[in-house]
Peer 1: 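Quick one: structure below, then a few questions.
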Amino acid sequence: MTDRGISRREFAKSAVAIGGTAALAACLDRGAPDVPEGTDHPGGLPARQHAWNAALATDDAGNPRMPYHHVLLLLDYEGDGAPTDGDRQQVEDALTTLERAYEWSNDGLLFTLGYGPTYFERFESGPAGVDLPAPKTLAPFEDPALDTPDALLHLASDHESVALAAEEALKGNRETVNDREVTATFSGVFTESDRRTGFVGSGLPADNQDIEGIPDSEPVPEESPLFMGFKSGFKKNQASENRVSVASGPFADGATQHLSFIRLHLQQWYEQDSRDQRVSKMFCPAHADEGRVEGVGENLGTDSGMDECPEDVVESSRREGVAGHSQKMTRVREDDSPVILRRDFDSTDGGEAGLHFLSLQQSIADFVNTRESMNGTDVAENSAVGQRVNNGILQYMTVERRGNYLLPPRSLRALPPADPSA
């Protein structure tokens, strides 16, 4: 506990959410972490910006563990028309500064810089070889605002001070980061249109559950990495980084990225639903009937065990009166493997419980197909399960924002042309 009576973890979340030089100073006043330095040879880092898995820590079962603290910056390019070579070099130099300062790991700093359809409108065509549609509503019961920034920067670290220092350095508010000189910034190239933050990891949701959308009884388990009380991101329930990477063309080794912001409504989830009902809706009814999920699900290892759930979701829903969220997701697989890689995290932005759903995939169509399976429209039409009620976890969330992006390979991350091969 800190001298102000709040936990270190809760303070960290608050500092990241507030942001700015004052929040960073407050973090550093409470003790600067010993952060490993980066590399003097950034060219040796992975060709894929999204190549995080090998640099991440793992849990006891071997699942990659996401960094604890996250900052999302939605950015607009200040120039008119196609970017200049000078602006491209400035962005590259700014990002290289971070790579020299911080190790490419959760203990240092991980980041990606992606570009939306609006960015590519300044060229005569969209990104060559990649279908990057504008975001759209994906269910009859949602009405999200559609994000249209030029770019999206995602900063992630186990240390709140690192995420904040990197952000402030890019904004031109730091002369050094991790004892390295800041030689370039985003100033004059990008302006910030929105800032979003979040966290994931055991203890963090429990420390920050005193918000709208979660009952006052503080029901989120201490060991849960997410507000809904269960583990996520099982290794075998995730697409590989290779699967989500663009396979050919000038943007090969890139990926597409989808970002949704989802409000969580967990009063019924915790106050009316039983433990078995929560397990049934999150996983599948068979998991609840047979007691397969212990606590938050750590006992499941690297696989949520959907092979042990009925394959025919519609028939199972007719019989059980409920469809499991994970159970529905098994219908969107290729060669028995998922097609999207999730890197989502919780949020208290706006003083409400939320989730930044961030996914990587080879094509935005892979995400759309996954979301359609999650909607369970066929389940609702052919069983007593409702369009949202007892249909996985749909009734506990509202999608408020959606955006689509292209993550170019590292070599093209700085204001790429639409066709780098031209």
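For this chain, numbers begin at 1 and follow the sequence in order.
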Peer 1: I'd like to know if the side chain of Asn178 and the backbone of Arg180 have a donor-acceptor N/O pair within less than 3.5 Å.
Peer 2: no

Peer 1: Which label fits Tyr115 and Tyr119: parallel for a plane angle under 30°, tilted from 30 to 60°, or perpendicular past 60°?
Peer 2: tilted

Peer 1: We want to know whether Gln238 and Ser240 form a side-chain donor-acceptor pair, criterion being a heavy-atom distance below 3.5 angstrom.
Peer 2: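 No, because no side-chain N or O of Gln238 sits under 3.5 Å from a partner of the opposite role on Ser240.
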
Peer 1: Checking side-chain polar atoms at under 3.5 Å, does Glu103 have a donor or acceptor matched by the opposite partner on Ser105?
Peer 2: yes

Peer 1: So Trp104 and Trp52, do their side chains get closer than 4.5 Å, heavy atoms only?
Peer 2: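 The answer is yes; the side chains approach within 4.5 Å.
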
Peer 1: Would you please say whether a donor-acceptor pair under 3.5 Å links the side chains of Tyr77 and Asp87?
Peer 2: yes

Peer 1: Please round to the nearest 0.5 Å and tell me the distance separating atom CD of Gln209 and atom OH of Tyr270.
Peer 2: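 One gets 7.5 Å once the value is rounded to the nearest 0.5 Å.
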
Peer 1: Side chains of Glu168 and Asn173: any donor to acceptor distance under 3.5 Å?
Peer 2: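 Side-chain D/A pair, Asn173 to Glu168: present.
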
Peer 1: Is a side-chain donor-acceptor pair under 3.5 Å present for Ser304 with Ser326?
Peer 2: no

Peer 1: When you check the side-chain N and O atoms of His159 and Asp107, is any donor under 3.5 Å from an acceptor?
Peer 2: yes

Peer 1: Taking the side chain from Asp349 and the backbone from Thr197, do they hold a donor-acceptor pair closer than 3.5 Å?
Peer 2: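 Present.
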
Peer 1: For the residue pair Phe123 and Phe120, does the interplanar ring angle fall in the parallel (under 30°), tilted (30 to 60°) or perpendicular (over 60°) class?
Peer 2: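 Taking Phe120 first and then Phe123, their aromatic rings sit tilted (interplane angle of 30° to 60°).
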
Peer 1: How far apart are the C-alpha atoms of Ser359 and Gln361, what are their side-chain angles, what is the distance that settles it, and do they pass the side chain to side chain donor-acceptor pair (under 3.5 Å) test?
Peer 2: CA-CA 7 Å; Ser359 69; Gln361 51 280 314; 2.8 Å; yes

Peer 1: Say whether Asn404 and His258, considering side chains only, have a donor N or O and an acceptor N or O under 3.5 Å apart.
Peer 2: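 There is such a pair (donor and acceptor under 3.5 Å, judged by atom type) between the side chains of Asn404 and His258.
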
Peer 1: Quick one: list whatever passes salt bridge (Lys or Arg N to Asp or Glu O under 4.0 Å) with Arg65, sequence neighbours left out.
Peer 2: Asp158

Peer 1: Please check this pair: side chain of Lys328 against backbone of Met374, looking for a donor-acceptor N/O pair closer than 3.5 Å.
Peer 2: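 Yes; judged by distance alone, with no hydrogens or angles, the pair exists.
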
Peer 1: Consider only side-chain N and O atoms of Asp150 and Thr118, and report whether a donor and an acceptor are under 3.5 Å apart.
Peer 2: no

Peer 1: Would you call Leu110 and Leu56 a side-chain contact if the rule is heavy atoms closer than 4.5 Å?
Peer 2: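 Yes - at least one pair of side-chain heavy atoms lies under 4.5 Å apart.
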
Peer 1: Could you tell me if the ring centre of Phe345 sits under 6.0 Å from that of His356?
Peer 2: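 Between His356 and Phe345, which both carry aromatic rings, the centre distance is below 6.0 Å.
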
Peer 1: Would Val279 and Phe230 count as a side-chain contact (heavy atoms from CB on, under 4.5 Å) here? Give the steps.
Peer 2: CA-CA 9 Å; Val279 171; Phe230 292 108; 3.8 Å; yes

Peer 1: Cationic tip of Arg275 within the cone over Trp269's six-membered ring, i.e. under 6.0 Å and within 45° of the normal?
Peer 2: no

Peer 1: Would Gln395 and Asn391 count as a side chain to side chain donor-acceptor pair (under 3.5 Å) if you check the C-alpha gap in whole Å, the side-chain angles of each, and the deciding distance to 0.1 Å?
Peer 2: CA-CA 8 Å; Gln395 72 187 97; Asn391 198 334; over 6 Å; no

Peer 1: Which residues pass the ring pair (Phe, Tyr, Trp, His ring centres under 6.0 Å) test with His287, not counting sequence neighbours?
Peer 2: Phe283

Peer 1: Decide yes or no for Val16 and Val71: does some side-chain heavy atom of the first lie under 4.5 Å from some side-chain heavy atom of the second?
Peer 2: yes

Peer 1: Using modelled atom types and a 3.5 Å cut-off, is there a donor and acceptor pairing between side-chain atoms of Asp59 and backbone atoms of Ala61?
Peer 2: yes

Peer 1: Between Thr256 and Leu360, is there a side-chain heavy-atom distance shorter than 4.5 Å?
Peer 2: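 No - every pair of side-chain heavy atoms lies 4.5 Å or more apart.
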
Peer 1: If only side-chain N and O atoms count, and only distance matters, is there a donor-acceptor pair under 3.5 Å linking His70 with His154?
Peer 2: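 Looking only at side-chain atoms, His70 and His154 do form a donor-acceptor pair, the distance falling under 3.5 Å.
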
Peer 1: Taking the side chain as everything from C-beta on, heavy atoms only, tell me whether Gln267 gets closer than 4.5 Å to Tyr396.
Peer 2: no

Peer 1: Side-chain donor-acceptor pairs under 3.5 Å in residues 129-142, sequence neighbours left out?
Peer 2:
from, atom 1, to, atom 2, distance (Å)
Glu142, OE1, Arg402, NH2, 3.0
Glu142, OE2, Leu138, N, 2.7
Glu142, OE2, Arg402, NE, 3.0
Glu142, OE2, Arg402, NH2, 3.3

Peer 1: Is there a donor in the side chain of Asn63 and an acceptor in the side chain of Lys236, or the other way round, less than 3.5 Å apart?
Peer 2: no

Peer 1: Less than 4.5 Å apart, any side-chain heavy atom of Ile211 and any of Phe227?
Peer 2: yes

Peer 1: Between Pro83 and Arg122, is any pair of side-chain heavy atoms under 4.5 Å apart?
Peer 2: yes

Peer 1: Go through the steps for Leu153 and Leu155 under the test side-chain contact (heavy atoms from CB on, under 4.5 Å), then give the verdict.
Peer 2: CA-CA 7 Å; Leu153 178 72; Leu155 302 168; 4.0 Å; yes

Peer 1: Is there a side-chain contact between Asn242 and Arg48 (heavy atoms, below 4.5 Å)?
Peer 2: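 Asn242 reaches Arg48 side chain to side chain.
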
